[in-house]
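Comments concern the structure below.
Just so you know, ligand 1 is whichever comes first in the structure, and atom 1 is the first atom listed for that ligand.
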Amino acid sequence: MNVTRGFTGRARTVRPGLPPGQYDARDDWPVLSAEVTPGLAAADWSFRVGGLVAEPRTWTWEQAHALPGSAYEGDIHCVTGWSKFGTRFEGVSLDSFLAAADPLPSATHALAHSHTGYTAGLPLADLTGGRAWIVWSSDGRPLAPEHGGPARLIVPHLYFWKSVKWVAGLELLDHEEPGFWERNGYHPRGNPWEEQRYAGD
Ligand SMILES: Nc1nc2c(c(=O)[nH]1)N[C@H]1C(S)=C(S)[C@@H](COP(=O)(O)O)O[C@H]1N2
Ligand SMILES: [Mo]
């Protein structure tokens, strides 16, 4: 009888859709937080789009829920190596928020802020075109506090450190501004398909 390599322990199989250097976390959904999970009630959550916009705007929980709903179905990729296939998140496309705030032509980048102080820097182009969301549920259930509930940003085509939990807002800028991990040597964009893990990759 043949014993096939890879069937003992945690098989880190390569599968289609898995970016280079990543493994399939299967049913695991690791929690990665630099800070303590805040006790943030939905009533105390708000989302603001400011900086280089024609009309700075802030949405309460109820106002954000009144926007057209939009869901993401697909994969997520953490820079520490795990990827999770077939996730589903429900919320509102970031396009809806940005359209209301009306970015100025000079806006090229954004710094996403958390209610806890965590930040992530992103090119504005990665936040438009139906590729980024503010989400409050996952598979139809309210987002767990440790996963960013009541609401978080998701930018699933980039490494997941850009997907700010307990998201508070976006500040639009005319230059690249490093956030928490970017200041610590991580890549300004973080495209998993190009393995942009660290600055210079
Ligand atoms: N506010 C906040 N958002 C955050 C983080 C964090 O530490 N604080 N970690 C980031 C990282 S590195 C990853 S991989 C994902 C993890 O999300 P999860 O804990 O729901 O898996 O959240 C991102 N967003
Ligand atoms: Mo991560």
For this session: Compare every heavy atom of Leu172 with every heavy atom of Ala110, then report the nearest pair and how far apart it is.
Result: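 So the minimum-distance heavy-atom pair works out to CB-CD1, 4.2 Å.
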Problem set entry | Nearest heavy atoms of Leu124 and Ala107, plus distance in Å |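 Smallest heavy-atom distance, with atoms named: CD2-O, 3.5 Å.
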Which residue supplies the protein heavy atom nearest to [atom], what is that atom called, and how far is it?
{"atom": "atom 3 (N) of ligand 1", "value": "Lys165 N, 2.9 Å"}
{"atom": "atom 9 (N) of ligand 1", "value": "Leu32 O, 3.1 Å"}
{"atom": "atom 14 (S) of ligand 1", "value": "Cys78 SG, 3.2 Å"}
{"atom": "atom 13 (C) of ligand 1", "value": "Phe160 O, 3.5 Å"}
{"atom": "atom 1 (N) of ligand 1", "value": "Glu35 OE2, 2.9 Å"}
{"atom": "atom 11 (C) of ligand 1", "value": "Trp161 CA, 3.5 Å"}
{"atom": "atom 20 (O) of ligand 1", "value": "His147 ND1, 2.6 Å"}
{"atom": "atom 7 (O) of ligand 1", "value": "Ala34 N, 2.6 Å"}

Would you check if the side chain of [X] reaches a backbone N or O of [Y] as a donor-acceptor pair within less than 3.5 Å?
{"X": "Arg57", "Y": "Asp102", "result": "no"}
{"X": "Asp28", "Y": "Pro30", "result": "no"}
{"X": "Gln22", "Y": "Trp82", "result": "yes"}

Exercise. If you round to the nearest 0.5 Å, how far is CH2 of Trp166 from CG of Leu143?
Worked result: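 Reported to 0.5 Å precision, the distance equals 10.0 Å.
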Exercise. What's the spacing between Glu146 CD and Leu32 CG if we round to 0.5 Å?
Worked result: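 Interatomic distance, Glu146 CD to Leu32 CG, rounded to 0.5 Å: 12.0 Å.
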For this session: Verify whether one side chain among His77 and Ser83 offers a donor that lies under 3.5 Å from an acceptor in the other.
Result: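 Yes, because at least one side-chain N or O of His77 sits under 3.5 Å from a partner of the opposite role on Ser83.
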For this session: State if Arg152 counts as touching ligand 1 under the rule of any non-hydrogen atom under 4.0 Å.
Result: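 Arg152 counts as a contact of ligand 1 under the 4.0 Å cut-off.
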For this session: Answer yes or no for Trp82: is there a heavy-atom contact with ligand 1 below 4.0 Å?
Result: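 For ligand 1, residue contact (heavy atoms, under 4.0 Å) with Trp82 is present.
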Exercise. Does any non-hydrogen side-chain atom of Val31 lie less than 4.5 Å from one of Thr37?
Worked result: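 Of all side-chain heavy-atom pairs linking Val31 with Thr37, none is under 4.5 Å.
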Exercise. Relative to the ring of Tyr72, is the ring of Phe89 parallel (under 30°), tilted (30 to 60°) or perpendicular (over 60°)?
Worked result: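 Plane angle under 30°, so parallel.
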Exercise. Can you say whether the rings of Trp45 and Trp61 are parallel (under 30°), tilted (30 to 60°) or perpendicular (over 60°)?
Worked result: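 Correct class here is perpendicular.
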For this session: Indicate, as side chain, backbone, both or neither, the part of Trp29 found under 4.0 angstrom from ligand 1 when only non-hydrogen atoms are considered.
Result: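 For Trp29, only side-chain atoms sit under 4.0 Å from ligand 1.
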Exercise. Leu111, Tyr186: one ILVMFWY side-chain cluster at the under-4.5 Å cut-off?
Worked result: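 Hydrophobic grouping puts Leu111 apart from Tyr186.
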In terms of atom number and element, which parts of ligand 1 are under 4.0 angstrom from non-hydrogen atoms of [X]?
{"X": "Val164", "result": "3 (N), 24 (N)"}
{"X": "Ser33", "result": "6 (C), 7 (O)"}
{"X": "Ser114", "result": "1 (N)"}
{"X": "Pro30", "result": "18 (P), 19 (O), 21 (O)"}
{"X": "Ser163", "result": "22 (O), 23 (C), 24 (N)"}

Is there a polar contact, in the sense of an N or O pair closer than 3.5 Å, between [X] and ligand 1?
{"X": "Trp181", "result": "no"}
{"X": "Val31", "result": "no"}
{"X": "Trp166", "result": "no"}

